[in-house]
Structure formats: C-alpha cells, structure tokens
Protein chains: 2
Amino acid sequence: MKPYLLQMLKELALLGAIENRIEASSMQLAERINASQQTASRYLLELDKNGFINREMGIKKQLIHITEKGSDSLHEEYLSYRHIFSLPRFIHFKGKIVSGMKEGTYYTSQQGYVTQFKKKLGFIPYPGTLNLEIDLVEKNKLRFLKQEEGIQISAFETENRSFGGVKCFNACINKHNISLIFPLRGHYSNILEFIAPNFLRDRLDLTDGDLVEVVVTIEKQMSCGASDEK
Amino acid sequence: MKPYLLQMLKELALLGAIENRIEASSMQLAERINASQQTASRYLLELDKNGFINREMGIKKQLIHITEKGSDSLHEEYLSYRHIFSLPRFIHFKGKIVSGMKEGTYYTSQQGYVTQFKKKLGFIPYPGTLNLEIDLVEKNKLRFLKQEEGIQISAFETENRSFGGVKCFNACINKHNISLIFPLRGHYSNILEFIAPNFLRDRLDLTDGDLVEVVVTIEKQMSCGASDEK
DNA sequence: ATTACTAAGTTACGAGTAA
DNA sequence: TTTACTCGTAACTTAGTAA
C-alpha cells in the first residue's frame, strides 16, 4: 500500500471512519494532509477503487466508511509501531565514565533506600554511584525507560528530611550485574547513575574518561553470566 | 514529514535503529519498501539532511542510527495509531432485527448464566436473545470488541452438559439498556445477540426486518437515560 | 561489493473548470 | 456549495554509471 494512501486512511480513521460513517469533504481532508482538494479527491477515489473505503456520495457531501480491508491495513501498521515502541528489552548504552558530584555516597547509604535495594535488587550497594555520560545521540533510548515502571523504590522520611522515590533497571557492565537508578521525579540528563554491590572502579579498573558499554534491561531479573559474589 | 520518508524511518526502527546503530545497505532497505536501490539511497540522504537519522559511512557499509528527532516523529505516529485502535468507547451498529434459531431461550434461561447476569449486568434477562444482523461493512467494528475483555461470564457445568464462558458489553437501543453477548470461544458473525431485562420486541414494537441502531460501549457501566424499570 | 550522481522516464500535483 | 475531470508542470523514480 502506498504510504500516502495509508496516511489518508489514517486521517479518516482519526475522524472515526472505522466506527462510523463520517461526513468529510475533500477540501476538509485536503487541509489535514496539507494538499489540494484535487489531491484529496484523487486519494479518496484510489482508496475506494482498492477497497479500503466505502463511499456514499450525496449531492453536497459524501459519507465515508473504512472497510474491513482498510481497517486491517491500519491495524497492521499499528502493530508495527507497537513493536517499535514496546518490544525492546535490552538497551545498549555507550558512554564514558565521569565523576558525579559525590552526592551518590550520601544517598545510597540511606538506610531507607538500602533495605529496599537489598530486598528488590538483591544486593546492598557499595556506597556511591558509577556515573556514565552517554552520547547525546543515545539520549532517545531513554524513552523506553521513561515509559517503563522499572523496579520501584519507595520514598521515605527520616527525622531530618524526606527522600524521593526512585526506579531501577537491571543492567550489565563487563559481565557484572549492576542497576541503573533514576529519580521518579525530575528530568533525565545524559548522565546515567548506576549502583553495584562492589566498588566497580577498582574491580573493573575504571577511571574517568574510560569508554564502556552498558546493557540495560527492562526485565525485572537479569544476570550477565559472571557472578557478583566472590 | 513526507509519508514515504516516515515509512523508511519506520523500517529502520523495525531493524532496531532507535536502540542501536545498525548496518543496513540501501539495496536491502530498497527491498523492504519495494523500491530501487537508488530510491532507498535518496531517502536516506533526505532523512539525514533533515536530521532524522545519523549515518557513519564506511567504504562497504553504513551504520545508521535514528536521532531523537526521528524517534519523536515515529512516536507521534505511534500515538495516532494507538488513538485509533484503543480510544473508541462507544460503537454504533446499524442493522436489522432477525429471528435467531430459537436457541437463545434455552441458553439464557440456564441458572448458571442467570445468576451471573444478575450479579454482573444488574438484571435477569428476559429469556431469549434479540438478534441484530449488521451490515457487512460494519463488521470491522467488531475488532474493538474482540480485543476487549468485556464483562466476563464464566463457564459452568450442569448434570447434563457444560456451558462455555461468554462476554458481555453494555449497550443501548432506543434508550433501553441491553447487553451484547458473545461466546468466548468461536467466531464472530454478522449477527449480534443481545439480552435485555424485558421482552424488547413488544416494548419497542420490533419485528423482523426493522432497522435499528444500537450503541455498544466497552465501559463496564452504562445508562442510556431512560429507566428500564417500570 | 558499496553509495549516489545524471538523465530520462514516469507518476503525482494542482489550477482551471464542468457537472 | 460539492466531486472530479483535463492538462501543463513539478516531483519522484530508476537505469546507467562513476567513485
């Protein structure tokens, strides 16, 4: 099916032409696809000829209804898009190791977080975070993580202050299990923070500026093969 | 964005170019969109020029990666399709009243169904079903109902035989609340069966061949305004 | 093997306009 | 008002190639 016909069919569907016979003039449809009335008219003729729509022509208006064949075509397209935006389970990030603002140690040592990490991630994190600065072109991969629930770590309060909720994703670096950690509130930057059961900078001999690859999964379990226990 | 460029971008996304840099030749992509190598090459140039993709050109292969802008365009399209296929809550069917094979009375009188109808639909159905023959062009609307859970009526067994599960949808005919009923197993025909608390053929003065309109909802509650109780 | 240019062929577009 | 025809031209496609 020609892409421009599919586009027109999509517009009709958005106007409700799958569920109901809709009244739509060629002029009105032309505006929606940024084309002339003549072009819209031609598209409708072509869609009709190929059995994607039915039309009831009146003297001043036409009633349009998408056929089962047309609906099937749209649904197929829908499935493609759904595949694109909901299937990926492993996401690769390349980036370089950077130093954070040293706040990681304070946060990751809070008992309120630690008990949840142990229970939900299966390990007590080494204090501090490993920060990975990802390439800007890879930032769009974060979309997949934004829309995912992840492993939820609840907010809690201490005598002094309150700590916000975060969400985690299991991940893998050089065959070591780690967890990507995001605040539930706040924006996503191009610096990803990870926690791990060990001090990875020593274990993996990492220093600032080293280029590494991390595989993040949206699955709740993940093992990269190597064990993290001694 | 031109529809044919979006199509190419979609193909790249399906090959994983949102998450990863992918290796794809113009020849290979040309096959996927049923066009020549030259056309595919031109599309890639255009996508690149407009900032939808990044390319790393090698001597024998190119690495392609979809940018955030490209990913955004695809996501917008995805949302349109999702809107089309998951938003409708009220579905209108036009059709004509027909006589069933009189089996409706037997089934709708089964105690195993009746108790569930009363609990889940809020009424005890008048024995028998009202059958509506819908136009073939309206059959594609059934897709929305197929994918919906509806109000589930469980299977059960009597001493003699077993009765399969069915699902119901609240519906409305001439301001009277009724329910559309589907077997959970089995195919969907162009004859819809409805149950109602009253004998609708009398109430609404319906006879075979009468043209009526029914509004079905996928919501669990529905009231059409008029009361069904005296 | 690639990508992508040029040139020629083909299709699509829209102004004008009839019905 | 509509829809949709004709037809000149603009846009897109592809065969043939170069790099």
So SG of A/Cys172 and CD of A/Glu213: to nearest 0.5 Å the spacing works out to 10.5 Å
With a non-hydrogen cut-off below 4.0 angstrom, is A/Ser25 in contact with a base, only sugar-phosphate, or nothing?
sugar-phosphate
Just to be sure I understand the rule, does B/Leu45 reach a base, reach only the sugar-phosphate, or reach nothing, if contact means heavy atoms closer than 4.0 Å?
sugar-phosphate
My understanding is that only residues two or more places apart in sequence, or in another chain, count here; which of them pass salt bridge (charged side-chain N to carboxylate O under 4.0 Å, His left out) with B/Lys94?
none
Expressed as a whole number of angstroms, how long is the span from B/Glu23:CD to C/dT2:P?
11 Å
Check the side chains of A/His92 and B/Glu19 for a donor-acceptor pair under 3.5 angstrom, ignoring hydrogens and angles.
no
Test item: side-chain donor near acceptor, A/Asp208 and A/Ser99, under 3.5 Å
yes
Tell me, yes or no, whether the heavy-atom count around A/Lys69 atom NZ, taken from other residues, nucleotides or ligands under 6.0 Å, exceeds 12.
yes
Determine whether more than 12 heavy atoms belonging to other residues, nucleotides or ligands lie under 6.0 Å from atom CD of B/Glu76.
no
Any Lys/Arg nitrogen of B/Lys2 or B/Glu46 sitting under 4.0 Å from an Asp/Glu carboxylate oxygen of the other?
yes
Considering only heavy atoms, which members of residues 3-11 of chain B lie under 4.0 Å from some atom of DNA chain C?
none
Any side-chain N or O of [X] under 4.0 Å from OP1/OP2 of [N]?
X	N	answer
A/Arg55	D/dT2	no
A/Ser26	D/dT3	yes
A/Tyr43	C/dA12	no

Is the ring pair A/Tyr78/B/Tyr78 parallel, tilted or perpendicular, if the boundaries are 30 and 60 degrees?
parallel
Do the ring planes of B/Tyr81 and A/Tyr81 sit parallel (below 30°), tilted (30 to 60°) or perpendicular (above 60°)?
parallel
Is the distance from the ring center of B/Phe182 to that of B/Tyr188 below 6.0 Å?
yes
Distance-only donor-acceptor hits, side chain of residues 27-34 of chain B, under 3.5 Å, sequence neighbours excluded:
{"residue": "B/Gln28", "atom": "OE1", "partner": "B/Ser25", "partner atom": "N", "Å": "3.3"}
{"residue": "B/Arg32", "atom": "NE", "partner": "B/Glu11", "partner atom": "OE1", "Å": "2.7"}
{"residue": "B/Arg32", "atom": "NH2", "partner": "B/Glu11", "partner atom": "OE1", "Å": "2.9"}

Determine, for nucleotides 14-19 of chain D in 5'-to-3' order, which nucleotides have protein heavy atoms under 4.0 Å from the base (write B), from only the sugar-phosphate (write S), or from neither (write -).
BBB---
Nucleotide nearest A/Lys2 when distance is taken to its side chain, options D/dA4, D/dC12, C/dA12
C/dA12
Does B/Ile22 offer a backbone N or O that forms a donor-acceptor pair with the side chain of B/His65 under 3.5 Å?
no
To the nearest 10°, let me know how far the axis at one end of the helix from C/dT2-D/dA19 to C/dA19-D/dT2 is tilted from the axis at the other, five pairs an end.
40°
Could you run down the sub-3.5 Å N/O contacts of the protein with nucleotides 8-10 of chain C?
none

